Amino acid sequence: MKWQSLISMKNLKLAWRRINTGRNLQYKRFFRESYLVYESGAHSHIRELHDALAAKAWIPNHATRLYIPKPSGLQRPLSLLGIEDQIVLQAIANQFATKLYKKRQRVELETVFSNKLASPKDSIFFMERWQKTYSAFQDKCTKTYDRGLRWSAHFDLSAYYDTISHDLLLSIFSPNSKEPDTINTIKGWLSIWSADNIAATTAHGIPQGPIASDFLAEAFFLPIDTQLQKKSFQYIRYVDDIRLFGRTENEVREAAIRLEQECRHRGLIPQSSKFDICRA
């Protein structure tokens, strides 16, 4: 990842526009007034951010973590980042999206239906509406059943965003580490954003809430998507909700074992309590 491209005014401005047009409304409602204030002088604010990044003087801030109750009785964390932290995180996601655009197109709406990138690549809208892609996910499951693949398994991951390795994530973008200083800087930022205090910083986890994180989570899973798309069974994914289809129970069980191995290889934790094989 080239430092100058990452911190360019063009990329930072695009990041700010994509934050404004993002449809993660539950997250954005915490920042409504802050966004309005920042927008009133957006060009000068982004210029100051660019200058601070160029001088290597910009310092990220830890997230404020909130917990939202889920229907199960457990809680879903939201990581509230400062406005500039959100912009820099989105700028990183912009670079990932450009680099992985063609690879993602091979799996989008074929096996992967979550967080589809918008077209064209430089659109101020980062991703397509989730309602459209989730409907396509449901249609794909139905069509797979109609093809005679009646055995299925539901596979889920535990604390997916919290277990994403920073090293593995950045190796997807830059496997040869041609700019180690940039990569190490981003690792440092990620470790700060994924924790709410300095004592809790780790080498894994991305903040939940920003749309940038949603795409980085997709990028992290892309090697698994590519591997499993080539197999004889049907693999379908929406974020960390994965469906496996086959013509026999054994075919689906073998698919589940292969998927589990791929996930554990990348430090992800399958949620055994939600795993089940049945004849649909």
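Heads up: numbering here begins at 1 and tracks the sequence. Here the structure is a predicted model, which is why all the values come from computation and not from measurement.
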Item to check | Shortest non-hydrogen contact from Thr201 toward His62 | outcome: CG2-CE1, 3.6 Å

Checklist outcome for this item: On a heavy-atom basis, the closest approach of Ala212 and Phe126 is CA-CE2, 4.4 Å

Item to check | Parallel, tilted or perpendicular: rings of Trp189 and Trp3 (30°, 60°) | outcome: tilted

Checklist entry - Sub-3.5 Å donor-acceptor pair from the side chain of Lys28 to the main-chain atoms of Gly22, do we have one? => result yes

Next on the checklist: Under a 3.5 Å distance rule, please check whether Thr98 uses its side chain to pair with a backbone N or O of Gln95 as donor and acceptor.
Outcome noted: no

Checklist entry - Do you know which two heavy atoms are closest between Tyr27 and Leu81, and how far apart they sit? => result OH-N, 3.1 Å

Item to check | Side chains of Ile59 and Ile192 in contact at under 4.5 Å (non-hydrogen atoms) | outcome: no

Item to check | side-chain hydrogen bond (donor to acceptor under 3.5 Å, both in side chains) involving Glu218 - partner list, sequence neighbours excluded | outcome: Arg104, Ser114, Asn115, Arg237

Checklist entry - Are Ile19 and Ile92 linked, directly or through other ILVMFWY residues, by side chains that come within less than 4.5 angstrom of each other? => result yes

Checklist entry - Ala217 and Tyr160: which non-hydrogen atoms are nearest, and at how many Å? => result O-OH, 2.6 Å

Checklist entry - Side chains of Asp85 and Trp193: do they bring a donor and an acceptor to under 3.5 Å? => result yes

Next on the checklist: One pair to check against side chain to side chain donor-acceptor pair (under 3.5 Å): Glu33 and Tyr38. What are the steps and the verdict?
Outcome noted: CA-CA 9 Å; Glu33 293 181 358; Tyr38 197 89; over 6 Å; no

Checklist entry - For the hydrophobic clusters of this structure (ILVMFWY residues joined by side-chain heavy atoms under 4.5 Å, transitively), does one cluster hold both Val112 and Met127? => result yes

Next on the checklist: So, using salt bridge (Lys or Arg N to Asp or Glu O under 4.0 Å) as the criterion, who are the partners of Lys187 when residues are at least two apart?
Outcome noted: Asp167

Checklist entry - Between Ser213 and Gln208, do the side chains contain an N or O donor and an N or O acceptor separated by less than 3.5 Å? => result no

Checklist entry - Counting only heavy atoms not in Lys70, do more than 12 sit closer than 6.0 Å to its NZ atom? => result yes

Checklist entry - Do Phe245 and Tyr145 make the cut of ring centroids closer than 6.0 angstrom? => result no

Checklist entry - Heavy atoms, side chains only, cut-off 4.5 Å: are Phe125 and Arg23 in contact? => result yes

Next on the checklist: With a 3.5 Å distance limit and no angle check, can you tell me whether His154 reaches the backbone of Ile277 through a side-chain donor-acceptor pair?
Outcome noted: no

Checklist entry - Are the side chain of Lys140 and the backbone of Ile236 linked by a donor-acceptor contact shorter than 3.5 Å? => result no

Item to check | Evaluation steps, side chain to side chain donor-acceptor pair (under 3.5 Å), between Ser119 and Tyr101 | outcome: CA-CA 10 Å; Ser119 296; Tyr101 192 80; 3.1 Å; yes

Item to check | Exercise: do Gln234 and Arg243 side chains pair donor with acceptor under 3.5 Å | outcome: no

Next on the checklist: Let's go through Trp130 and Ser135 carefully: what are the C-alpha distance in whole Å and the side-chain angles of both, what is the deciding distance for side-chain contact (heavy atoms from CB on, under 4.5 Å) to 0.1 Å, and is it a yes or a no?
Outcome noted: CA-CA 8 Å; Trp130 72 266; Ser135 177; over 6 Å; no

Checklist entry - Can you tell me if Glu251 uses its side chain to pair, donor with acceptor, with the backbone of Arg247 under 3.5 Å? => result yes

Checklist outcome for this item: In this structure, CG of Leu157 is separated from CG of Asp162 (nearest 0.5 Å) by 12.0 Å

Checklist entry - When you check the side-chain N and O atoms of Asp240 and Tyr161, is any donor under 3.5 Å from an acceptor? => result no

Checklist outcome for this item: Between the CZ atom in Phe215 and the CZ atom in Arg18, the distance rounded to the nearest 0.5 Å is 9.5 Å

Checklist entry - Do Leu78 and Tyr67 pass the side-chain contact (heavy atoms from CB on, under 4.5 Å) test, and can you show the C-alpha distance, the side-chain angles, and the key distance before you say yes or no? => result CA-CA 6 Å; Leu78 276 183; Tyr67 293 90; over 6 Å; no

Checklist entry - In terms of ring plane angle, is the pair Phe173 and Phe96 parallel, tilted or perpendicular, where the classes change at 30° and 60°? => result tilted

Next on the checklist: Between Ser5 (side chain only) and Lys2 (backbone N and O only), is there a donor and an acceptor less than 3.5 Å apart?
Outcome noted: no

Checklist entry - Can you find a pair of side-chain heavy atoms, one from Asp241 and one from Val239, that are under 4.5 Å apart? => result no

Checklist entry - Is it true that the side chains of Trp58 and Glu84 contain a donor and an acceptor less than 3.5 Å apart? => result yes

Next on the checklist: Checking the side chain of Arg147 only, and the main-chain atoms of Thr144 only, is there a donor and an acceptor separated by less than 3.5 Å?
Outcome noted: no

Checklist entry - Stepwise, does the side-chain contact (heavy atoms from CB on, under 4.5 Å) test hold for Ser152 with Cys278? => result CA-CA 6 Å; Ser152 68; Cys278 65; 3.9 Å; yes

Checklist entry - Out of curiosity, Leu66 CG to Thr64 OG1, how far, rounded to the nearest 0.5 Å? => result 7.0 Å

Checklist entry - So, His166 side chain and Gly205 main chain: donor-acceptor pair closer than 3.5 Å or not? => result yes

Checklist outcome for this item: Closest heavy-atom pair, Gln229 versus Val107, reported as atoms and distance to 0.1 Å, is OE1-CG1, 3.5 Å

Next on the checklist: Once rounded to the nearest 0.5 Å, what's the spacing between atom CE of Met1 and atom OG of Ser174?
Outcome noted: 8.0 Å

Item to check | Check against ring-ring contact (aromatic ring centres under 6.0 Å, His included), Tyr238 and Phe113 | outcome: CA-CA 5 Å; Tyr238 192 92; Phe113 294 82; 8.0 Å; no

Checklist entry - Counting N and O atoms only, with roles assigned by atom type, does the side chain of Glu128 sit under 3.5 Å from a partner on the main chain of Ala118, one being a donor and the other an acceptor? => result no

Checklist entry - Got a donor-acceptor contact below 3.5 angstrom from the Ser44 side chain to the Gly41 backbone? => result yes

Checklist entry - So does Leu36 have more than 12 non-hydrogen atoms from other groups sitting under 6.0 Å from CG? => result yes

Checklist entry - Is any side-chain heavy atom of Arg47 less than 4.5 Å from a side-chain heavy atom of Asp51? => result yes

Next on the checklist: We want to know whether Arg17 and Gln90 form a side-chain donor-acceptor pair, criterion being a heavy-atom distance below 3.5 angstrom.
Outcome noted: no

Checklist entry - Among Leu6, Ile87, Asn94, which residue meets the side-chain contact (heavy atoms from CB on, under 4.5 Å) test with Leu12? => result Ile87

Next on the checklist: If you count heavy atoms of other groups shown closer than 6.0 angstrom to CD of Gln131, is the number above 12?
Outcome noted: yes

Checklist entry - Do Arg253 and Glu249 meet the salt-bridge criterion of a basic N to acidic O distance under 4.0 Å? => result yes

Item to check | side-chain contact (heavy atoms from CB on, under 4.5 Å) between Asp156 and Ile242, intermediate numbers included | outcome: CA-CA 6 Å; Asp156 206 348; Ile242 303 169; over 6 Å; no

Checklist entry - Given the rule that I, L, V, M, F, W and Y join up when any side-chain heavy atoms are under 4.5 Å apart, are Leu259 and Trp151 in one cluster? => result yes

Next on the checklist: If the condition is salt bridge (Lys or Arg N to Asp or Glu O under 4.0 Å), which residues does Glu260 pass it with, not counting sequence neighbours?
Outcome noted: Arg264

Checklist entry - Are Arg258 and Glu262 within salt-bridge range, i.e. N to O under 4.0 Å? => result yes

Item to check | Nearest non-hydrogen partners of Ala153 and Val252, listed with the distance | outcome: CB-CG1, 3.5 Å

Item to check | Interatomic distance, Met9 atom CE to Leu49 atom CG [nearest 0.5 angstrom] | outcome: 9.0 Å

Next on the checklist: Return the CD to OG1 distance between Glu179 and Thr185, rounded to the nearest 0.5 Å.
Outcome noted: 10.5 Å

Checklist entry - Is the gap between the ring centers of Phe137 and Tyr134 under 6.0 Å? => result yes

